[in-house]
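Here is the structure we will look at, set down as structure tokens.
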2 protein chains.
Amino acid sequence: MTVGREDGPVRPRLGRAPSTTHAEISHVALTLFMERGFDQTTIDDIAREAGIGRRTLFRYFPSKNDLPWGDFDTLLGRMRAHLSGMPDDVPMMEQLRIAILEFNRVPEEEWPYHRRRMDLLLHVPTLLAHSTLRYASWRQVVAEHVARRLELPEHDLIPQTMAWTCLGVCLAAYEQWLDDGSAQLLDLLDEAFRLIDERIDTKVVQAHRGAQG
Amino acid sequence: MTVGREDGPVRPRLGRAPSTTHAEISHVALTLFMERGFDQTTIDDIAREAGIGRRTLFRYFPSKNDLPWGDFDTLLGRMRAHLSGMPDDVPMMEQLRIAILEFNRVPEEEWPYHRRRMDLLLHVPTLLAHSTLRYASWRQVVAEHVARRLELPEHDLIPQTMAWTCLGVCLAAYEQWLDDGSAQLLDLLDEAFRLIDERIDTKVVQAHRGAQG
DNA sequence: GATACTAATGACACTCAGTGCCGTTGGGAA
DNA sequence: TTCCCAACGGCACTGAGTGTCATTAGTATC
């Protein structure tokens, strides 16, 4: 999952100016996590290194687990908008593939951080667990779209399973990316989706018709 | 996911006898969680109610999040054995369906607790997050089996995606079960797997051949 | 330039989860 | 009865996360 854009340069008109940014703190944290490990790094370490107070850090991030994630919700909103704005004549799985690839596009200057980030998120147990909450929102977006396209209720088995499958495909591709230092993330994701693509589309449409007929 | 069997009546030959059981503590905790909510219940509350020391509770369960789960690892080992002992002439998806249904069979006296348990595990954010770690082991068992059947490496995209899909199917069925008070869990699971069943089997075999050819 | 307003900051104290340490308890065996 | 040993439970400690509040540093107004 792509994470970690930054707060725009929007100046508040009133009050004291923020002394730091989400990205700055996140980068400091990622560096420390990679150096000493997640569990061996305390919130105080991060706050000290970032030159801010402990209490301030908790105003930027609700928990230690959220530090590696950036502004996920904004990206998710963008994906929802992207999906719902797509023309209906594009096959559903292709819509999903395109939107998910776009979601996982990361600006080049974030690349080195992104790899560390995902390595942590997928391999540190605490973070792996916490990720579920983010994935749930992500799945929701996928399920919504599938449900709309197939004219099924959101909680129906088909959209739900489809969302899980998409998540699985993404995470499998991410694991490959982390293993194989040389490959491009978007290539792996694209390949993975194309491999599963048509078969799932067929499957879902069949299953849908089967359920109706 | 099925959880919550109990420690056998095996007497230790030496040392002081245990003063309680996993099930007893788990049941006390579940009751309190349902009464006041998970976050509003402290470890001290549970220990006091169970009549044991706080320190003792942490010897039975490594964390508060583990309280609703019973002896999951034992059940998982049973499922692994079940799968690997199945004859090869049974179609793969049917093997999975049978093993997963069996995994989710719960002794009747546990039924009322099981519903509370799963309601908590699927709807309390902390627990939902923690569940991921259990699901990861569960997915691993499924992926292993699929990989063996299709003669693919475990980390390959197909077994991994298949495992995610199976998990998704189970969780979707569990959600339906919790919503619809009257339905039987195993019926819903069975129905869900039969619905997705053949299409996935076809899909995976096609994908597998496609990847090879 | 002084004053008023406002939002970000950081210090402090507190709760609670989880851990290490260690003396105590109680059941079975000698 | 005595010895052995595992389970127990008290205590102190670390670290995450929260509520409160005075302080700081910007902007707008006079």
Side-chain angles (χ1 to χ4, degrees), chain A residues 6-26 28-29 32-33 35-69 120 124-131 133, chain B residues 6-26 28-30 32-33 36-69 120 124-131 133:
Chain A
E6 198 32 38
D7 328 61
V10 191
R11 304 256 169 79
R13 352 223 134 169
L14 235 47
R16 181 175 175 173
S19 65
T20 181
T21 64
H22 282 87
E24 198 173 339
I25 300 174
S26 185
V28 167
L32 289 179
F33 290 160
E35 278 176 18
R36 333 180 175 174
F38 181 79
D39 292 324
Q40 283 67 47
T41 308
T42 70
I43 291 285
D44 294 88
D45 292 337
I46 302 163
R48 198 179 316 114
E49 188 71 19
I52 59 175
R54 163 196 173 70
R55 196 64 185 82
T56 300
L57 193 152
F58 277 114
R59 280 201 195 89
Y60 281 80
F61 293 92
S63 81
K64 186 181 175 183
N65 291 329
D66 288 297
L67 281 165
W69 297 88
L120 289 165
V124 174
T126 314
L127 294 174
L128 186 59
H130 188 72
S131 305
L133 305 176
Chain B
E6 199 33 38
D7 328 61
V10 191
R11 303 257 170 80
R13 350 223 135 169
L14 234 48
R16 181 173 176 176
S19 63
T20 183
T21 62
H22 282 88
E24 198 173 337
I25 301 174
S26 184
V28 167
L30 284 176
L32 289 180
F33 290 159
R36 334 181 175 173
F38 180 79
D39 292 325
Q40 284 66 50
T41 309
T42 70
I43 292 285
D44 294 87
D45 293 336
I46 301 164
R48 198 180 316 114
E49 187 73 19
I52 60 175
R54 161 198 175 70
R55 196 65 187 81
T56 300
L57 193 151
F58 276 114
R59 281 199 194 89
Y60 280 82
F61 293 91
S63 81
K64 186 179 176 184
N65 291 330
D66 289 297
L67 281 165
W69 296 88
L120 288 166
V124 174
T126 314
L127 294 174
L128 187 59
H130 187 73
S131 306
L133 305 176

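Keep in mind that this is a model prediction, so the values were computed, not measured. Proteins get letters first, then strands, A, B, ... in listed order; numbering begins at 1 in each.
Atom-to-atom, NZ of B:Lys64 to P of D:dA16 comes out at 18 Å; the value is rounded to the nearest Å. The nearest whole Å value for the distance from the CZ atom in A:Phe38 to the C1' atom in D:dG15 is 12 Å. As rounded to whole Å, 15 Å separates atom C1' of D:dG10 from atom CZ of B:Phe58. Note: CD1 (A:Ile43) to P (D:dG15) measures 11 Å, nearest angstrom. Note: CZ (B:Arg48) to C1' (D:dG9) measures 15 Å, nearest angstrom. Atoms CZ (B:Arg59) and P (C:dC22) sit 14 Å apart, rounded to a whole Å. In this structure, the CG atom of A:Asp39 is 9 Å from the P atom of D:dA16, given to the nearest Å. To the nearest angstrom, C1' of D:dT18 lies 18 Å from CZ of A:Phe61.
In the set C:dA17, D:dT27, D:dG9, D:dT27 carries the atom at the smallest distance from any side-chain atom of A:Leu14. Listed nucleotides C:dT19, D:dT24, D:dG17 differ in distance to A:Arg16; the shortest reach to its side chain belongs to D:dT24. When distances run from any side-chain atom of B:Ala17 to the nucleotides C:dG27, C:dG10, C:dC22, the shortest one goes to C:dG27.
Map B:Ile52 and A:Pro62 each onto its nearest nucleotide of DNA chain D; the residue landing nearer the 5' end is B:Ile52.
Below the 3.5 angstrom threshold, one finds no donor paired with an acceptor across the side chain of A:Arg54 and the base of D:dG15. You won't find any donor-acceptor pair under 3.5 Å spanning the side chain of A:Arg55 and the base of D:dG17, going by distance alone.
Atoms CZ and CG, on A:Arg54 and A:Asp45 in that order, are 11.0 Å from each other to the nearest 0.5 Å. The distance from atom OG1 of B:Thr56 to atom CD1 of B:Ile25, rounded to the nearest 0.5 Å, is 8.0 Å. Atom CG of residue B:Leu120 and atom CH2 of residue B:Trp69 lie 11.5 Å apart, to the nearest 0.5 angstrom.
Among the heavy atoms of the strands, none lies under 4.0 Å from B:Thr126. A:Thr56 comes within contact range of at least one nucleobase, with a heavy-atom separation under 4.0 Å.
Looking only at side-chain heavy atoms (C-beta outward), B:Phe61 and B:Ser26 come within less than 4.5 Å of each other. Considering only heavy atoms from C-beta on, A:Phe33 comes within 4.5 Å of A:Leu67 through its side chain.
Remark: B:Tyr60 is in phosphate contact with D:dC8, judged by side-chain N or O atoms under 4.0 Å from OP1 or OP2. Considering only side-chain N and O atoms, B:Ser19 lies under 4.0 angstrom from the phosphate OP1 or OP2 of D:dC8.
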